[in-house]
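Notes for the one structure printed next.
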There are 2 protein chains.
Amino acid sequence: MTGDRVRDRADVVGDLHEEVGVSLARCDYRYTAGRRRIVDALADAGKPITLPDILAAAPELAPSSVYRNLDVLERSGVVQRIAAAGAHSFFEFAEPLISHHHHLICIDCGIIEDFRLDDDMERRVDSGLLEAAGKAGFTPLRHSVDLHGYCAACA
Amino acid sequence: MTGDRVRDRADVVGDLHEEVGVSLARCDYRYTAGRRRIVDALADAGKPITLPDILAAAPELAPSSVYRNLDVLERSGVVQRIAAAGAHSFFEFAEPLISHHHHLICIDCGIIEDFRLDDDMERRVDSGLLEAAGKAGFTPLRHSVDLHGYCAACA
DNA sequence: ACTATAATGAGAGCGAGTCTTATTTCCAAC
DNA sequence: GTTGGAAATAAGACTCGCTCTCATTATAGT
């Protein structure tokens, strides 16, 4: 029961680490303890977080190393950066490590949360975007749909 | 003929300036020559541009003044800032000065272009987003749909 | 174990953007 | 017109998120 749930979670996290390890190895990067700590912090958060968030979760890490490793993880397709104006960037797992989703961005406190569109809607959006891209001679790789407004806490 | 076309364009730009002036006045800001130059640069570009772009179009402007005025224009609802990771922010007219649209963002050269979805698609996307926002206790103000990939020049 | 290669950590360095302050411009009242 | 007060400007100092450098340390592969 409780034991099983813990076991399950450990397995899921174990799978995550394995997938990350494979992604890193594909680019000739090593999966070091520091990188594992970053991945743990991202997994624990369950939403996009900033460098200070990561340092708060793993104070033993050197800021410069975290920046470098986030860059390595981004290059390996493990994490994705979300740019914020005049503030810290946010980081979260990239697809396919995390299922396709979009962002709720609070224009007051800056927090970013994930949300999913149902498959039908997602397909329609995607085909609409593909069409628009084709007309513009654009080769699309991915799309992002962000909702800007006030989160439950700031409303 | 040619004269008429020029006249028409001048009228459109005149309307733009008038609208901007009203927006600024509503926030007790003045519509100065420097701010007008920025608005002209944005109008001439017809797509999101950066501070260096604005300075290239209007070298007589002081960078600090342009930054300050972009901030004023953003506060007045005239322009909108588009954050870019580790690079200059992009600026363009906000709605309703420019019709609702989305962005094609080249992940190679960084250029940003506008595109429109047809009204039907836009409505569907919007209702889908509203529903998702409601579930999360989020109060949405606006949405952004960006397509990331390679532009015609970089493909 | 040995060696080549990658990763780390501390701090210097970079650059986009903001703040400060003295000066100038604008508008309105007289 | 002149004058007085409020807003805008310009130049540069400054902040801060982030990257680079480099000496040191850890990690494979042989």
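Hydrogens, waters and symmetry mates play no part in the numbers below; they use all other heavy atoms, side chains included. Keep in mind it's a predicted model, so treat the numbers as computed, not measured. Below, chain A is the first sequence line, B the second, and so on; all start at residue 1.
- Computed from coordinates, the D53(B) CG to dA16(C) C1' distance equals 14 Å when rounded to whole Å.
- Counting to the nearest Å, the P atom of dG9(C) and the CG atom of L61(A) are 7 Å from each other.
- Remark: the T32(B) side chain and the dA8(D) base include no donor-acceptor N/O pair separated by less than 3.5 Å.
- OP1 or OP2 of dA7(C) has not a single side-chain nitrogen or oxygen of N69(A) nearer than 4.0 Å.
- Between Y31(B) and H17(B), the ring planes are tilted. Angles from 30° to 60° get that label.
- Contact annotation: S64(A) does not reach the phosphate of dG11(C) (side-chain N/O to OP1 or OP2, under 4.0 Å).
- The side chain of A62(A) sits closest to dG9(C) out of dT27(D), dC26(C), dG9(C).
- Rounded to whole angstrom, the span from the CG atom of D71(A) across to the C1' atom of dT21(D) amounts to 16 Å.
- The 5' end of DNA chain D is approached more closely, in terms of each residue's nearest nucleotide, by Y29(B) than by the other of Y29(B) and P52(A).
- Going from atom CG of L73(B) over to atom C1' of dA8(D) covers 13 Å, rounded to whole Å.
- Of all nucleotides listed (dT25(C), dT9(D), dC18(D)), dC18(D) comes nearest to the side chain of R81(A).
- Side-chain N or O atoms of N69(B) include none that pairs as donor or acceptor with a backbone N or O of V72(B) at under 3.5 Å.
- Nearest nucleotide to the H88(A) side chain, out of dC18(D), dA7(C), dG11(C): dC18(D).
- One interatomic measurement links the two molecules: CD of E60(A) to P of dT8(C), which rounds to 12 Å at whole-angstrom precision.
- Between L55(A) atom CG and dT8(C) atom P there is a gap of 14 Å when expressed in whole angstrom units.
- To the nearest angstrom, C1' of dC18(D) lies 16 Å from CZ of F90(A).
- Closest to the Y67(B) side chain, of the nucleotides dA26(D), dA16(C), dA8(D), is dA16(C).
- Side chain R68(A) to base dG9(C): a donor-acceptor pair is found below 3.5 Å.
- Ionic pairing of R124(B) and D120(B) is present here: one or more N-O contacts between side-chain nitrogen and carboxylate oxygen are shorter than 4.0 angstrom.
- With dA11(D), dA7(C), dG17(C) as the candidates, the nucleotide lying closest to the side chain of R35(A) is dA7(C).
- Nearest-nucleotide assignment on DNA chain C puts the 5′-proximal partner with L51(B), out of L51(B) and R30(B).
- Distance I82(B) CD1 to dA16(C) C1': 17 Å, rounded to the nearest Å.
- E113(A) has no carboxylate O lying under 4.0 Å from a charged side-chain N of K47(A), or vice versa, which leaves the two without a salt bridge.
- Between H102(A) and H143(A), the ring planes are parallel. Angles under 30° get that label, and only those over 60° would be called perpendicular.
- Taking only side-chain nitrogens and oxygens, S65(B) comes nearer than 4.0 Å to OP1 or OP2 of dA10(D).
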